[in-house]
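Single-structure report; data block below.
Numbered from 1 within each chain, the chains take letters A, B, ... in sequence-line order.
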Amino acid sequence: MRPRPAPLVDPRSVARAFATPWGQAFYARPTIEVAWALLGQWLIRRLPDGWRVGRITETEAYIAGDAANHAVLGPTLRNRSMFGPPGTLYVYRVHQVHCANAVTGYGTAVLLRSVEPLLGVPGDPRGPGRLCRAFALDRAHDGTSLLTGPVRIAASGASVARVLVGRRIGIRLDAHRPLRFVVSGSRWVSSPRIPLRSERASGPAVYLSFAQS
DNA sequence: TCATTGATTTGCT
DNA sequence: GCAAATCAATGAT
């Protein structure tokens with residue numbers, strides 16, 4: 001019998017982080033800034049039989065005036081949680097999978113694309129569909145709060161040294177915009193062949209100048 | 001009620 | 001590299 005690998009995080013610290021997640025102010029900022037800030041944070045899922053924890057390694061911003069944004073035409077049955085308060089979870093289905101987003105403002109959100117498994121994560125959480133499968137997320141979680149719900153995001157305590165920026169994956173409209181953000185050097189990232197360019201971890205200020213909200 | 005369309009993943013060539 | 005799988009949301013009829 002093979003020894004079980006030691007967990008990368010202490011379950012007690014996970015419970016503490018789950019109890020003190022990022023608050024609404026974390027999400028109520030320009031979407032690109034939030035997409036950048038989410039890198040390195042803990043995504044924590046509470047299930048009846050335990051925790052699932054991953055370190056966020058890949059995000060995409062869906063901003064105002066963005067043709068690829070589901071919310072660009074206003075509220076519908078599918079996207080209505082994108083018009084909830086900052087820190088709302090927006091989960092939708094596309095093809096055969098689900099994708100999870102953190103709402104930042106009225107009709108804007110950050111797609112969670114990949115995490116690095118830290119505790120209790122089954123399978124491969126690289127890619128938004130596989131991330132949702134690994135964290136057992138579906139439309140039942142749409143509209144729940146990342147501040148008080150069964151899925152939360154909390155500070156990891158560690159900072160991300162360098163961020164890679166590139167075009168978003170799998171979209172047709174506004175496909176060229178540099179709104180995809182990746183933890184530099186991580187192997188827990190989808191679409192490894194899509195080109196990315198390296199940016200200082202000092203922040204996304206350069207992108208905020210041309211892409212508001 | 002019908003046709004179109006995907007913020008994906010997988011498997012085959 | 002490319003296309004199929006497969007289905008709910010959406011908008012047109």
Side-chain angles (χ1 to χ4, degrees), chain A residues 27 30-39 41 43 45 54 56-84 86-117 121-144 146 151 153 163-183 186-196 204 207 211-213:
Chain A
Y27 301 96
T31 304
I32 291 171
E33 197 177 316
V34 178
W36 193 293
L38 280 169
L39 297 177
Q41 309 304 321
L43 179 67
R45 173 82 161 101
I56 297 172
T57 52
E58 180 184 358
T59 61
E60 283 179 0
Y62 288 86
I63 62 181
D66 172 4
N69 184 340
H70 287 173
V72 72
L73 296 179
T76 65
L77 193 60
R78 174 173 74 161
N79 68 16
R80 59 185 170 178
S81 55
M82 281 192 76
F83 299 89
T88 298
L89 187 64
Y90 167 47
V91 183
Y92 67 91
R93 181 175 183 153
V94 64
H95 299 284
Q96 286 75 253
V97 303
H98 294 274
C99 298
N101 302 251
V103 173
T104 59
Y106 190 76
T108 59
V110 175
L111 172 66
L112 305 177
R113 286 194 60 91
S114 298
V115 303
E116 173 184 352
V121 178
D124 181 350
R126 283 175 284 196
R130 287 189 286 230
L131 186 156
C132 280
R133 191 197 308 169
F135 280 74
L137 299 178
D138 57 34
R139 278 235 101 189
H141 305 94
D142 179 56
T144 62
L146 290 166
V151 188
I153 295 171
V163 172
L164 306 178
V165 181
R167 57 193 290 172
R168 295 173 292 182
I169 307 296
I171 58 169
R172 188 170 49 89
L173 303 169
D174 268 336
H176 69 283
R177 308 181 80 169
L179 295 174
R180 175 173 177 239
F181 304 94
V182 166
V183 172
S186 175
R187 75 182 184 92
W188 296 100
V189 169
S190 70
S191 307
R193 309 176 72 103
I194 305 292
L196 294 157
Y207 296 101
Q212 294 300 319
S213 297

(request) Report the residue (A/R130 or A/M82) whose heavy-atom-nearest nucleotide on DNA chain B is the more 5′ of the two. (result) A/M82

(message) Whether A/D66 and A/R168 form a salt bridge (side-chain N of Lys/Arg under 4.0 Å from carboxylate O of Asp/Glu) is what I want to check.
(response) yes

Point-to-point distance, once rounded to the nearest 0.5 Å, from [atom1] of [X] to [atom2] of [Y]:
| X | Y | atom1 | atom2 | answer |
| --- | --- | --- | --- | --- |
| A/L112 | A/L146 | CG | CG | 7.5 Å |
| A/H176 | A/I171 | NE2 | CD1 | 9.5 Å |
| A/I153 | A/L89 | CD1 | CG | 8.0 Å |
| A/Y90 | A/H70 | OH | NE2 | 5.0 Å |

(message) Taking only side-chain N and O atoms of A/R139, does any of them lie within less than 4.0 angstrom of OP1 or OP2 on C/dA9?
(response)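 Yes, within the criterion.
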
(request) Given side-chain contact (heavy atoms from CB on, under 4.5 Å), test A/V91 with A/D138 step by step and report yes or no. (result) CA-CA 6 Å; A/V91 183; A/D138 57 34; 5.5 Å; no

(request) Step through it carefully: locate the ring centre of A/H98, locate the ring centre of A/Y92, and say whether they are under 6.0 Å apart. (result) no

(message) With a strict under 4.0 Å distance from non-hydrogen atoms of chain A, what nucleotide opens and what nucleotide closes the contacted stretch of DNA chain B, reading 5' to 3'?
(response) B/dG6 to B/dT10

(request) Decide side-chain hydrogen bond (donor to acceptor under 3.5 Å, both in side chains) for A/R126 and A/S114; before the verdict, give the C-alpha distance in whole Å, the side-chain angles of both, and the deciding distance to 0.1 Å. (result) CA-CA 4 Å; A/R126 283 175 284 196; A/S114 298; over 6 Å; no

Quick one: [X] [atom1] to [N] [atom2], roughly how many Å, whole number?
| X | N | atom1 | atom2 | value |
| --- | --- | --- | --- | --- |
| A/R93 | C/dT6 | CZ | P | 11 Å |
| A/Q96 | C/dA9 | CD | P | 14 Å |
| A/D138 | C/dA8 | CG | P | 13 Å |
| A/Y92 | C/dT10 | OH | C1' | 15 Å |
| A/R78 | C/dG11 | CZ | C1' | 13 Å |
| A/N79 | C/dT10 | CG | P | 6 Å |

(request) Would you please enumerate the stems DNA chain B participates in, each stem being three or more consecutive Watson-Crick or G-U wobble pairs with both distances under 3.5 Å? (result)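 Result, WC/G-U stems under 3.5 Å: B:1-6 with C:7-12, B:8-12 with C:1-5.
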
(request) Classify the nucleic acid contact of A/L77 as base, sugar-phosphate or nothing, counting any heavy atom under 4.0 Å across all strands shown. (result) sugar-phosphate

(request) Looking at every strand, decide which applies to A/R180 at a 4.0 Å heavy-atom threshold: base, sugar-phosphate, or nothing. (result) nothing

(request) Go through the steps for A/E58 and A/S190 under the test side-chain hydrogen bond (donor to acceptor under 3.5 Å, both in side chains), then give the verdict. (result) CA-CA 8 Å; A/E58 180 184 358; A/S190 70; 2.9 Å; yes

